[in-house]
Protein chains: 2
Amino acid sequence: MASREQAKDQRRKAIVAAAMRLMHNRGDSGFSMRALAEAAGVSIATPYNLFGSKQAIMLAVLDTGMALYEERLEQLDADPLEIFFEAVTLATELYAEAPKFHQAVLFSAYGDGGRDYRAVFGDPRFVFWRTLVERAREAGELDAGIDASALALALGQQFFICILEWAYGQIDLSELECRVHYGFALLLKGAATASAADRLAGKIPELQAHLTAMWAAEPTAVVASRVQSR
Amino acid sequence: MASREQAKDQRRKAIVAAAMRLMHNRGDSGFSMRALAEAAGVSIATPYNLFGSKQAIMLAVLDTGMALYEERLEQLDADPLEIFFEAVTLATELYAEAPKFHQAVLFSAYGDGGRDYRAVFGDPRFVFWRTLVERAREAGELDAGIDASALALALGQQFFICILEWAYGQIDLSELECRVHYGFALLLKGAATASAADRLAGKIPELQAHLTAMWAAEPTAVVASRVQSR
DNA sequence: GGTTGGATTATAACGCGTTTTACTTTTCGT
DNA sequence: ACGAAAAGTAAAACGCGTTATAATCCAACC
């Protein structure tokens, strides 16, 4: 029997579930490995046996969310270029549904001193963007000579860092969405075929105007210095 | 008299100097607030009185380095478009001169749980990129309608996250340089006037080839998954 | 069914960043 | 020159992630 492994998996699931429950209820503050162990009904040593670190647990939580996200994105059935922007918007919508939860997960997954195996930009997320790039390239929206991995990396990073800023409480979700859209428009335009480049160019002025309006209206920490030193 | 403030500043400088000395000698490991206090000849409470947090000290170290960096960049006297790429190359050269030191500073400045006032992308660095963008725009290399702040933010973030990956030990300096150049080429091309866009487009294939060759040859942690899942 | 061995447990400990407390030193207005 | 206020000091403590140490449990083999 694999009842040994079975029991392990069961405990693993219980721990991830308890982590999600705790995050939902209390957000980042109040979430600690000791609180998690208590909520999951296990000793504090067990999560370390089964996952290795707090960061690994957070990444497990993140990955389960990623599956749901990709599923909902497929249902949108957007065209190969628009889907980049839809993907960002969908993410902000999901974040808006449970902001404290997502902030806590992201903060714990990346904000801690986890210099371990998979730090800044993990595999599931990278593969996701590369798939989108490959589709767009095959659809003739992107230059055929573009390397999918290289572009996907640049796109994913642009997304990722804005997400981090949101998790750190420096920007809100609408600025997150707008900034990533802006970065995506520029990056994709740089890699696009002529017709697609035209469409992308059309997006830029509006996004830019939206951003500057935001910065003028609502000066948060980072934004304030940006506006004042204009 | 301001002899009170004077003494404060003196102590502040002593602490920053001791921090730099410690980082140079022992890198990140072995550097702690207790070790710093001892090396600076002050109590552990003093750095907190004068700076508030470890992160603030690291940002002070970072900012003094930034002044040197900008100075050396001005001396290069590159043209308004090339200077973006020179800036990246210069940074990698400076990092290469004392890699352990810079890794330690960056890691401590951003890797810790410093959710404080100025987290991901601080003011001196943002202003630097915006100035470069403004110059390039005035030189007619970038579209006149481009907002300097918005583009500077996108550029700086692309740079910043690659630096972080290097500080985390996930990529080496040559990959850092190449990836940022690639991201910059795409972003700038998306914002460039026609003639500048052509010049930028010429850079992209070479950078891309360089990147893919790197990934094929030297599969580090992140890279490995990238290559294998090709 | 008893024995064995790997997993889980409780518990203590470590080093970290940070805060608090209580004591001492230094500066400045009168 | 003296007393009040401000600031620096040592030392202990807090909660954190993580690790080490034994004791204990429980599925798996003879």
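Quick caveat, the model's predicted, so the values are computed rather than measured. Quick note on labels: first sequence line is chain A, next is B, and so on, each numbered from 1.
Atom-to-atom, CD of A:Q10 to P of C:dT8 comes out at 12 Å; the value is rounded to the nearest Å. In this structure, A:L50 places its CG atom 14 Å from P of D:dT18, rounding to the nearest Å. Distance CZ (B:R11) to C1' (D:dG8): 7 Å, rounded to an integer number of Å. Rounded to an integer number of Å, the gap from B:R12 CZ to D:dA7 C1' is 13 Å. Rounded to an integer number of Å, the gap from A:M33 CE to C:dA10 P is 15 Å. Taking atom CZ of B:F51 as the reference point, atom P of C:dT19 lies 16 Å away to the nearest angstrom. Taking atom CD1 on B:I44 and atom C1' on C:dC16, their separation rounds to 9 Å, with Å as the unit. Computed from coordinates, the A:K54 NZ to D:dC16 P distance equals 9 Å when rounded to whole Å.
Without hydrogens or angle criteria, A:E86 side chain to A:A78 main chain gives no donor-acceptor distance under 3.5 Å. In this structure a side-chain-to-backbone donor-acceptor pair under 3.5 Å is missing from B:S108 to B:V105. A donor-acceptor pair under 3.5 Å is absent between the side-chain atoms of A:Y95 and the main chain of A:Q103, judged by distance alone. The backbone N or O of A:L50 sits less than 3.5 Å from a side-chain atom of A:R12, completing a donor-acceptor pair.
Counting all heavy atoms, side chain and backbone alike, A:F107 lies closest to A:A167 at CD1-O, 4.2 Å.
Comparing atom distances between the B:S43 side chain and each of D:dA20, C:dT18, D:dA10 picks out D:dA10 as nearest.
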Exercise for the section: Please report the C-alpha distance between B:R130 and B:D147 in whole Å, then the side-chain angles of each, then the deciding distance to 0.1 Å, and finally whether the salt bridge (Lys or Arg N to Asp or Glu O under 4.0 Å) criterion is met. Expected result: CA-CA 9 Å; B:R130 198 186 49 195; B:D147 180 76; over 6 Å; no
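Residues of residues 35-42 of chain B having a heavy atom closer than 4.0 Å to DNA chain C: none are found.
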Report all interatomic pairs (protein N or O, nucleotide N or O of nucleotides 13-15 of chain C) with separations under 3.5 Å.
{"from": "C:dA13", "atom 1": "N6", "to": "A:R34", "atom 2": "NH2", "distance (Å)": "3.3"}

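The aromatic rings of B:H24 and B:F101 sit parallel, their planes meeting at an angle under 30°, below the 60° perpendicular limit.
If A:N49 and B:Y48 are placed on DNA chain C by their nearest nucleotide, the residue sitting closer to the 5' end is A:N49.
Counted by atom type alone, B:E175 and B:W166 present zero donor-acceptor pairs between their side chains at under 3.5 Å.
A:T64 pairs by the side chain to side chain donor-acceptor pair (under 3.5 Å) definition with nothing, not counting sequence neighbours.
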